[in-house]
There are 2 protein chains.
Amino acid sequence: MPSIPSKAQLMELLAHSVSTHYADFTTAAADMGLTSSQAKTLTVLRRAPASMRSLAVTLACDASNMTGIIDRLEKRDLVRREVSATDRRVKNVALTETGEKAIDTIRERMEQTQTGLDSLSDEERAELFRLLTVVFPR
Amino acid sequence: MPSIPSKAQLMELLAHSVSTHYADFTTAAADMGLTSSQAKTLTVLRRAPASMRSLAVTLACDASNMTGIIDRLEKRDLVRREVSATDRRVKNVALTETGEKAIDTIRERMEQTQTGLDSLSDEERAELFRLLTVVFPR
DNA sequence: CCTATTGTTTGATGTCTTCAAGCATCGAGT
DNA sequence: ACTCGATGCTTGAAGACATCAAACAATAGG
């Protein structure tokens, strides 16, 4: 019979977990010569191309901020800008093949997180998945 | 009978959860006029005073970086530097009362996370606590 | 068309981050 | 006590991040 943690305790553990995961991500990104902002941007683009604006919304930053980040990613051939066919104001940003590989590599290299998840059983993974879905709905 | 998520799916959900939590934290900090680095520093100090070096280790950044962060926090009376009694090279950093209040307020204002956790039952909170402890051991 | 809005970029300013270099202090060994 | 290497902190330089205000082009709705 597990004792029930207080909400404050859970908040604290959550903060710790987030910090650990974030540090893991940042380290893996740094190994590839990327900052965490750059790597986060690649993560967003992993699913689908996005306009500058929608990137800014997703990453919760100013649009002008994205200009610099995409500039630096584009200079390294990790993404490319394409003028939208339907609205010439809009620039859609897409991963290049190099960019895809980069973000995949970063995920693989998140060792702390990987080994942490490996120490769960299938049932536990399913339960963690369910609980996280409740706490952080999409 | 829940279907078992792939490890990749769980990694992805974890990334989403971390992003959400982190954004929540950053927003709450910004409401208080603090950057996330400053707020993170206050969080570390919440438990106990720490030297510049140990702060740098905990926050996984260069020691010289801490100098600037603590400079700005000190300028706003959120922390204070005290020369160690046992080693005059060392400066111990401690929260002021204002600093304590600031970090407490930030925690209270993390609404997304709060309401997310509120939607769990006691048993679910205990289970989430347990699972996170396994995945991200201290 | 005219006008308000939207998407992006630019420039200014401040913060973050790292690196190399510097100074002060400590500690171990002589 | 003295030297010397290690340690703790700060400074300066350079690049990245972040936000704001302002500019510009293009769109959308009247």
Side-chain angles (χ1 to χ4, degrees), chain A residues 19 22-23 25-45 49-76 78-94 102, chain B residues 19 22-23 25-45 49-76 78-94 102:
Chain A
S19 292
Y22 199 76
F25 179 73
T26 302
T27 301
D31 285 349
M32 310 280 299
L34 294 172
T35 68
S36 51
S37 294
Q38 292 169 346
K40 255 196 267 188
T41 304
L42 295 186
T43 301
V44 173
L45 293 173
S51 68
M52 298 296 289
R53 164 132 311 270
S54 78
L55 279 176
V57 170
T58 305
L59 295 174
C61 69
D62 195 88
S64 66
N65 199 6
M66 289 314 306
T67 300
I69 293 175
I70 296 299
D71 278 353
R72 287 179 282 271
L73 288 175
E74 198 171 27
K75 205 177 296 177
R76 292 172 57 177
L78 296 167
V79 305
R80 76 178 152 262
R81 271 184 250 237
E82 287 163 358
V83 176
S84 161
T86 61
D87 185 340
R88 279 184 306 175
R89 289 172 302 181
V90 174
K91 305 207 178 147
N92 288 312
V93 185
Chain B
S19 292
Y22 199 75
F25 179 73
T26 302
T27 302
D31 286 349
M32 310 280 299
L34 294 173
T35 67
S36 52
S37 293
Q38 292 169 347
K40 255 194 268 188
T41 304
L42 296 186
T43 302
V44 173
L45 292 174
S51 68
M52 299 294 290
R53 163 129 312 268
S54 78
L55 280 176
V57 170
T58 304
L59 296 173
C61 70
D62 195 88
S64 66
N65 198 8
M66 290 314 306
T67 299
I69 293 176
I70 297 299
D71 279 352
R72 288 179 283 271
L73 288 174
E74 198 171 26
K75 205 176 297 177
R76 292 172 57 177
L78 297 167
V79 304
R80 74 176 154 264
R81 273 184 248 235
E82 287 162 357
V83 176
S84 162
T86 61
D87 184 339
R88 280 183 307 175
R89 290 171 302 180
V90 173
K91 304 204 178 148
N92 287 311
V93 184

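Every chain is numbered from 1 and lettered A, B, ... according to where its sequence line falls, protein lines coming before strand lines.
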Participant: Using atom types as modelled and distance alone, determine if a side-chain donor or acceptor of B:Glu74 lies under 3.5 Å from a backbone N or O of B:Arg81.
Facilitator: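 Judged by distance alone, yes, a pair lies under 3.5 Å.
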Participant: How long is the gap from NZ on A:Lys40 to CG on A:Leu55, to the nearest 0.5 Å?
Facilitator: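 These two atoms lie 12.5 Å from each other.
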Participant: Check whether any side-chain heavy atom of B:Leu78 lies under 4.5 Å from a side-chain heavy atom of B:Leu34, and answer yes or no.
Facilitator: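 Yes - at least one pair of side-chain heavy atoms lies under 4.5 Å apart.
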Participant: Find every protein N or O atom lying less than 3.5 Å from an N or O atom of nucleotides 14-17 of chain D, and list the pairs.
Facilitator:
from: D:dC17; atom 1: OP1; to: A:Thr35; atom 2: OG1; distance (Å): 2.3
from: D:dC17; atom 1: OP2; to: A:Arg72; atom 2: NE; distance (Å): 2.7
from: D:dC17; atom 1: OP2; to: A:Arg72; atom 2: NH2; distance (Å): 2.6

Participant: Quickly work out the A:Met52 CE to D:dA25 P distance and round it to whole Å.
Facilitator: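 Nearest whole value for this atom pair: 18 Å.
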Participant: For A:Arg53 and D:dA26, what is the distance between atoms CZ and C1' respectively, to the nearest whole Å?
Facilitator: 15 Å
Participant: If you take all heavy atoms of A:Val90 and A:Ser51, which pair is closest and at what distance?
Facilitator: CG1-CB, 3.7 Å
Participant: Nearest heavy-atom pair of B:Met66 and B:Cys61: which atoms, and what distance?
Facilitator: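 Closest approach of B:Met66 to B:Cys61: SD-SG, 3.6 Å.
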Participant: Side chain of A:Ser64, heavy atoms from C-beta onward: which of D:dC9, D:dA21, D:dT11 has the nearest atom to it?
Facilitator: D:dA21
Participant: A:Ile70 and side-chain contact (heavy atoms from CB on, under 4.5 Å): which partner among A:Lys91, A:Gln38, A:Met52?
Facilitator: A:Met52
Participant: How close do B:Ser36 and B:Phe25 get, heavy atom to heavy atom, and via which atoms?
Facilitator: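 Heavy-atom minimum between the residues: O-CE2, 4.0 Å.
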Participant: Between A:Asp87 and B:Arg81, who's closer to the 5' end of DNA chain D by nearest nucleotide?
Facilitator: B:Arg81
Participant: Mind calculating the distance between CG (B:Asp62) and P (D:dG12) to the nearest angstrom?
Facilitator: 16 Å
Participant: Any idea which heavy atoms bring A:Ala63 and A:Ala56 closest together, and the distance?
Facilitator: CA-CB, 3.7 Å
Participant: Please report the distance, rounded to the nearest Å, between CD1 in B:Ile70 and P in D:dG8.
Facilitator: 16 Å
Participant: Could you give the start and end, 5' to 3', of the contact zone on DNA chain C for chain B, using atoms under 4.0 Å from its heavy atoms?
Facilitator: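 Range of nucleotides within reach of chain B: C:dT15 to C:dC26.
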